[in-house]
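Presented below is the structure to which this report refers.
The figures here come from the full heavy-atom set of this structure, side chains too, leaving out hydrogens, waters and symmetry mates. By convention in this document, chain letters (A, B, ...) are assigned in the order of the sequence lines, proteins followed by strands, and residues within each chain are numbered from 1.
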Amino acid sequence: MSGSLFLAVAGRGRQTMPAAEPGGGGEAGGPSEGSLLVGAMRRGDKRAFERLYELYAPMVHGVLLARVPRDEVDDLVQDVFLTAYRKLETLREDAAFGGWLAMIARNRATDFHRRKPAETVELTDEGLGARGASAPADDEASRALAAIRELPDAYRETLVLRLVEGMTGPEIAERTGLTAASVRVNLHRGMKLLREKLGVGE
Amino acid sequence: MNDETNDYLWDGTGEVDAEVERLEGLLGRYRGNAPAPELPAVAPRLAFFPAVLRRAPQLTAALAATIAIAVGLTTWSSMQRAGRLPGETPGVVNGGGEQPTATGTNSGASGPSVTGAGTGRPQPPAAPAPTSNDQTSYQGGPRFSRPPAGGFVGVSYRGSRSPRATPGRAPGEIATAASASGAPASGGTTDLAAAEPARRSTRRFIDLQTADHLEQAALLLRTFRNEPVDGSSPDDLAYAKRRSRELLDQNVLLRRSAEAKGNLPAEDVLNSLEPYLLDIANLGDKPARSDVSAIRTRIEKKEIVDDLQLYAMNGPRLGF
């Protein structure tokens, strides 16, 4: 059964993330793809885990990138998924997988900062001239990312998911569990603050 | 381009926002592409639990029996509280639970004046029974013959006030519309049965975990609202932001769970709570006083704290 389930939902690439699908209702109000995959993963289906990774890794990556140094993010993404796999029995509702996973990612980022003293964690000068010559575009990108990281928590996270991971507003809502209205507010207010920081008019 | 109406920022449609497009091009290089991690051979919990079940089927049976007993006790407890123990005749006032406290309805009657069949008095109109979802407009109404002058009609069902009821409206006042017609009823009434579903329906939609969450959120919002006018201390604000973030995470899980179960009332209240938690969590480290005041004003105006407390109060209470 888990094998046929996997075949039924497999085949979607990362490039096109279907909006409002993994966590929301499926056809005619039935269980969503994400819920089905979580159910399969509970039964030990590793391919379901891989598919869930494909669907949710960008969201987890964005949540972590908004909070921890870039060179730590990839390791922490894997850490978050392994934690989710180990603690899956604590998830009460399969449909809440995205929000639950985002919570694990945020907690992981908090733990990271607790273990490392603040002065050794540099979020702002990655890729800048202090480390030698780098392309102007890299500098500009680094400054933009640094500016986003200075924003309040929810704005920062939502903007990273939108501008870095390329997720749309509905996809962000679906993956993180926030309402679409909340995501829209975060995007708009966050973008407004970001424009002010970058000195760009509307 | 105005961000409020920026469709391109929202979902990439509409007129292209040059700045957003530029940032997408710049920042896309930071996307992750790490492969999925290798899973352990067997998930520890998944391996352990089935093994226990295979070796100890008696444990499973005992667990099922315990659950059945717990469900039965909970049901009995809630029925006892409602004053509706098995064998009770609908429409007859009993001695337990919450008494109907209609005031001044049937002339000459003292105490509760539930008009059941066979009383010989004019029957109130047979209003339709409220649906279990109908918490905000209880159309059924208790069936008393005459509304009291200046007072509210019907059964005083504590805790059943709709969160959207106008402040100052007495409990039960929502039901006045149905009872005002005065037309004779066609048959026997089940007044308590009509009033009870509205109360029980709220309780049924709010489980223990959600009720606790709403209580915690109400506490946070009330504390935030009542902070001194000249500003909160940095520690208090930091705590409020952190706590708000924690509650927001929990709110997301509970809302998704309610959504998956089709529990619209719970989903609704959790939806309405989310913007407040988000706004508090998103305050800067040194927010402008106007930003803090704006949130407090909204909390006050929308009476969100009262609503949350009512929902939390209507949640299940074990052992009562």
Side-chain angles (χ1 to χ4, degrees), chain A residues 19 23 35 42 44 46 49-50 53-54 57-58 61 65 70 73-74 77-78 81-82 85-86 88-89 92-96 98-100 102-103 106 137 140-141 144-145 152-155 162-166 168-170 176-179 181-182 184-189 191-192 195 200 202, chain B residues 1-6 9-13 17 19-20 22-40 42-47 49 209 241 245-246 248-262 271 274-275 277-279 281-285:
Chain A
S35 299
R42 286 186 194 276
K46 292 189 179 180
F49 173 81
E50 288 166 8
Y53 182 86
E54 261 181 64
H61 186 271
L65 185 64
R70 266 193 290 125
V73 174
D74 286 344
V77 167
Q78 298 203 336
F81 274 90
L82 286 174
Y85 184 74
R86 279 197 305 271
L88 193 57
E89 77 278 2
R92 295 184 184 203
E93 180 58 56
D94 291 354
W100 178 74
M103 192 168 67
R106 291 182 200 113
E140 199 178 353
L145 184 61
D153 210 21
Y155 300 160
R162 175 67 182 87
L163 299 174
V164 177
E165 305 297 336
T168 62
T176 61
L178 284 172
T179 62
S182 296
R184 188 180 277 267
V185 164
N186 284 346
L187 278 177
H188 292 153
R189 289 184 189 170
M191 194 63 207
K192 184 179 176 190
R195 288 183 206 273
V200 178
E202 294 189 16
Chain B
M1 176 176 295
N2 184 352
D3 284 320
E4 295 292 331
T5 56
N6 193 338
L9 178 62
W10 171 241
D11 59 7
T13 61
D17 182 317
E19 181 60 18
V20 174
R22 184 186 78 89
L23 288 169
E24 283 177 306
L26 267 183
L27 297 171
R29 70 192 66 200
Y30 295 137
R31 277 188 204 181
N33 54 9
E38 283 296 319
L39 290 176
V42 178
R45 301 273 181 170
L46 293 173
F49 196 55
Q209 193 182 15
K241 287 173 57 176
R245 181 79 244 181
E246 290 166 2
L248 186 61
D249 287 344
Q250 182 68 1
N251 204 71
V252 163
L253 299 184
L254 291 171
R255 191 177 60 76
R256 267 295 163 87
S257 178
E259 184 183 359
K261 291 171 186 166
N271 258 338
E274 190 168 288
L277 296 176
L278 213 47
D279 282 349
N282 277 337
L283 284 171
D285 292 334

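- A salt bridge does not link A:Glu89 to A:Arg42: none of the charged side-chain nitrogens sits closer than 4.0 Å to a carboxylate oxygen.
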Given the rule in the side chain to side chain contact (heavy atoms under 4.5 Å, CB included) test, do B:Lys241 and A:Asp153 qualify, once you have shown the distances and angles that lead to the verdict? CA-CA 10 Å; B:Lys241 287 173 57 176; A:Asp153 210 21; over 6 Å; no

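- Every residue meeting the side chain to side chain contact (heavy atoms under 4.5 Å, CB included) condition with A:Arg92, not counting sequence neighbours, appears here in chain and number order: B:Gln209.
- Counting heavy-atom pairs under 4.5 Å between each of B:Asn251, B:Asn282, B:Asp285, B:Asp279 and chain A puts B:Asn282 at the top.
- When atom types are taken as modelled, the side chain of A:Arg162 and the backbone of B:Leu9 share a donor-acceptor pair closer than 3.5 angstrom.
- The part of B:Lys261 that comes within reach of chain A is its side chain, from C-beta onward, which places non-hydrogen atoms under 4.5 angstrom from that chain.
- When the candidates A:Asp74, A:Leu178, A:Val77 are compared by the number of heavy-atom contacts under 4.5 Å with chain B, A:Leu178 comes out ahead.
- If you measure heavy-atom distances from A:Phe49 to chain B, the contacts under 4.5 Å come from the side chain alone.
- If you measure heavy-atom distances from A:Asn186 to chain B, the contacts under 4.5 Å come from the side chain alone.
- With a 4.5 Å cut-off on non-hydrogen atoms, A:Gln78 touches chain B through its backbone and its side chain both.
- Judged purely by atom type and a 3.5 angstrom limit, B:Glu274 has no side-chain atom pairing as donor or acceptor with the backbone of A:Ser182.
- Contact tally against chain A (heavy-atom pairs below 4.5 Å) for B:Asn271, B:Leu248, B:Val252, B:Leu283: the top residue is B:Val252.
- Ion pairing between A:Arg195 and B:Glu19 fails under the 4.0 Å rule for side-chain N and carboxylate O.
- We find the CE-CG distance between A:Met191 and B:Asp17 to be 6.0 Å, quoted to the nearest 0.5 Å.
- Your options are B:Gly262, B:Gly25, B:Ala34, and the one with the most heavy-atom pairs under 4.5 Å with chain A is B:Ala34.
- In this structure, the portions of A:Val164 lying under 4.5 Å from any heavy atom of chain B include both its backbone and its side chain.
- Atom CZ of A:Arg106 sits about 12.0 Å away from atom CD of B:Glu246, to the nearest 0.5 Å.
- Note on A:Gly177, A:Ala96, A:Pro152, A:Ala181: by heavy-atom pairs under 4.5 Å with chain B, the leading option is A:Gly177.
- Looking at B:Leu278, only its side chain comes within 4.5 Å of chain A, counting heavy atoms on both sides.
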